[in-house]
2 protein chains.
Amino acid sequence: MGRLNKRALLDRLHRLGTASRADLAKSLGMSQPTAGKIADELLRAGVLEEADLAPPRTAVNGAKAAARLGRPGRMLRLDRSRPRFMAIQLGVTETRLAALPVGADAEDCWSVRLETPGSAEQWVSELRRVAGQLPQKKFWGVLVSVPGLVDEQEGKVLFSPNLHWTEKADLRQLVGRVWKGPVALVQEERALALGHQYLTPESDDFLLVDFGDGVGGAVIVAGKLHANPLPISGELGHTPVLGNSRRCGCGATGCVETLVSTRGLLESFAETHAKSPKSWAALGASIAEHGIEPWLAAALEAAAVAIAGALNVIGLRHVVITGSLTQLPPAVMDYLKQAIERGAMWARFGRVEVEAAPRRRAAGLVAVGIDRLVLPMTGQIRPQAS
Amino acid sequence: MGRLNKRALLDRLHRLGTASRADLAKSLGMSQPTAGKIADELLRAGVLEEADLAPPRTAVNGAKAAARLGRPGRMLRLDRSRPRFMAIQLGVTETRLAALPVGADAEDCWSVRLETPGSAEQWVSELRRVAGQLPQKKFWGVLVSVPGLVDEQEGKVLFSPNLHWTEKADLRQLVGRVWKGPVALVQEERALALGHQYLTPESDDFLLVDFGDGVGGAVIVAGKLHANPLPISGELGHTPVLGNSRRCGCGATGCVETLVSTRGLLESFAETHAKSPKSWAALGASIAEHGIEPWLAAALEAAAVAIAGALNVIGLRHVVITGSLTQLPPAVMDYLKQAIERGAMWARFGRVEVEAAPRRRAAGLVAVGIDRLVLPMTGQIRPQAS
DNA sequence: TAACTTCCTGAGTTTTCTTAAGTAATATGA
DNA sequence: TCATATTACTTAAGAAAACTCAGGAAGTTA
């Protein structure tokens, strides 16, 4: 079967949620036999399942067809019953695991959590222990979300200031010692962006920015993750800010990240509120009481400039914010949103949307699993022969 | 014929410059009969021509094959003899025209130049006059490079501060009154980026930044122009600069453009050198004499931050600079280059390249012509009397 | 001239998608 | 209840594009 059509059909079915073969054929503009064959193949492979539930007579399109005539379609959807992927979030403080099916539709829900140890060996032995407890041993593949600068092709971590041991480790090989099968590494923010898109398939073009220990982003254009040649992208947090002299973990001076990461905000907060405890709760309380003080405004402004610059260059109008900033009082997001609109060129011609969203790593990992493991790209375009 | 393979073959032939059917087949990893058939078809359509010149026995690959054995291939290349496209650069002060073949290999060379008039009607009548003088009347299409914010799909100009009449005009319809056939609009910086890639096909990933009346950019990733949903992208010039309060033509305050556009630089120069004439030549002379003064350093720094931010977010390591900055003493480009490297994250892991290049609009327009006019309309294009 | 190498092309096969036609499952109405 | 309309799915035949195989063409080497 043409991999391209298979991919298109799976994507469309994911967007529609539930659809019959005929719906898919019509929606994709391909013939019914073709759509039917592809669907059968995916069904046989266990990627799809039949939704036995009574077909929704309310019709896919909306309200116009109250009770559809004719033979009802056999509805299909992504398989939700059988776990296929072992999803692992390798976080700075915590490692989380879950066995996920192809059709995940919920927010992140990790079945196992453990403290991330300080070395590769310890991590593997923890994983092995967890794997022993899990009922299912075999998966189509293992998906690992990793923070830092990640070369997803090579499976190497180039740089990870808060998790240094990953830089020397061969993570794929490590995971391979616990579970057989392919292992895919995914840079954390890319997983978040894919997860957001997976769970809200109608958003096809956006910049996701995650605020946490660091500040990073990822770009989805036309429903696809922005692909670029370097193992680095979306590094919004390391845009230099003129006049900022804080040292960044990346080695440079003045990065946005030094102002708006969790640590950067707390540091600025402590500088101006010597008496308050240097804690996230105290910061939140202070903002709720005093509003956006100048130091915070400046930090948000710096982030907004970086974000607006990215929107202008890439040509987007939709920003999704995840992470720590969304947990502060709403005034923070409001300020950020206004600052972004001030700098975003499109705001002068149409609407710019800035929205807060939860982190959806698990769904993102599933999306990667489907993309790289279920529908592997048979490299059509080969490099030059010698 | 499969459009995809046709496109791939044409692209490969363009990169190789000259190649036989067998070279193309090998290089693309497709079978010889297929490559041969596609080549024949393109030859028949007049997109390719046979390079009768003695096949270069030195081989394509390099030195290893001194004198190749076997039957020599019939070398092919993009047709250079028959003009196919009417290329028009609609500039703020000057409109330039040239009739170009599919295979352009030289720097920009416009055959007609005329002052851009102040209204759509006058522009059309000028075009009509020029068209009357040209020997060739029929083309595969007309390609127009336009400054400002351009909706290439719709053929509308959203915003053009220095050429306001284009905002209300239907440029495609205007051109259609002079020449029959399809008309494609291309945003100026996008044309420049495509032109650079067309003439140096080995550069597949770069950010082009053009400095002139405004400052804008365009992104090429994996050999393709970055495509995005909005009719706006590459707008590096309108990244806000914290602390800059100059009003920009775009309506916002503090854009990079107000500091490093031709006008912005001259303004800053005049502010600090009240006695010197406010001219580009005087600016150049002053820089040659005094080096990079603080005001200029600040302006370049602001531009570099915007550029470095774009590199970090998009994930690139190669910048191509065109336009006015490249015509100032080399110290300017050197300073800019160093400032970009300071902000570009990749500089800490590998090389970041910043290069100056001439503007190559004409080639960019040809690239658009091939992409949008030659390849999609396979059936329509037949060998026409020239 | 014979042997060898490489290039090009024609013939038949495979893959993949399309159209067309037939069967299945439901609603509607006499 | 039964015929009819409508929609869903399946099977069969055909068309397009790319592949393999093989043979002729056009050179070099010995």
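Below, all heavy atoms of this structure are taken into account, side chains as well, without hydrogens, waters or symmetry copies. Below, chains carry the letters A, B, ... as their sequence lines are ordered, and counting in each starts from 1.
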Looking at [N], I'd like to know if its phosphate oxygens (OP1 or OP2) sit under 4.0 Å from a side-chain N or O belonging to [X].
X       : N      : answer
A:Arg71 : D:dT10 : no
B:Thr34 : D:dA17 : no
B:Asn5  : D:dA17 : no

Taking [X] for its side chain and [Y] for its backbone only, find out whether a donor-acceptor pair lies under 3.5 Å.
X        : Y        : result
B:Thr200 : B:Ser203 : no
A:His14  : A:Tyr198 : yes
B:His226 : A:Ile314 : yes

Atom [atom1] of [X] and atom [atom2] of [N]: how far apart are they, to the nearest Å?
X       : N      : atom1 : atom2 : result
B:Leu24 : C:dC7  : CG    : P     : 11 Å
A:Ile38 : D:dT10 : CD1   : C1'   : 15 Å
A:Arg74 : C:dT26 : CZ    : P     : 11 Å
B:Asp23 : C:dT5  : CG    : P     : 19 Å
B:Lys37 : D:dT20 : NZ    : C1'   : 12 Å
A:Glu50 : D:dA8  : CD    : C1'   : 13 Å
B:Met75 : C:dC7  : CE    : P     : 10 Å
B:Lys6  : D:dA17 : NZ    : P     : 9 Å

- prompt: If you look at every strand shown and take non-hydrogen atoms under 4.0 Å, does B:Ser31 touch a base, only sugar-phosphate, or nothing?
  reply: base
Go through [options] for me and flag the one nearest to the [X] side chain.
X       : options               : value
B:Arg21 : C:dT9, D:dT10, C:dT5  : C:dT9
A:Ala22 : D:dT28, C:dT26, D:dC9 : D:dC9
B:Gln32 : C:dC8, C:dC17, D:dT10 : C:dC8

field: Modelled atom types, side-chain donor and acceptor of A:Ser27 and A:Arg12, under 3.5 Å
entry: yes
- prompt: Does B:Lys37 pair with B:Asp40 as a salt bridge, N-O distance under 4.0 Å?
  reply: no
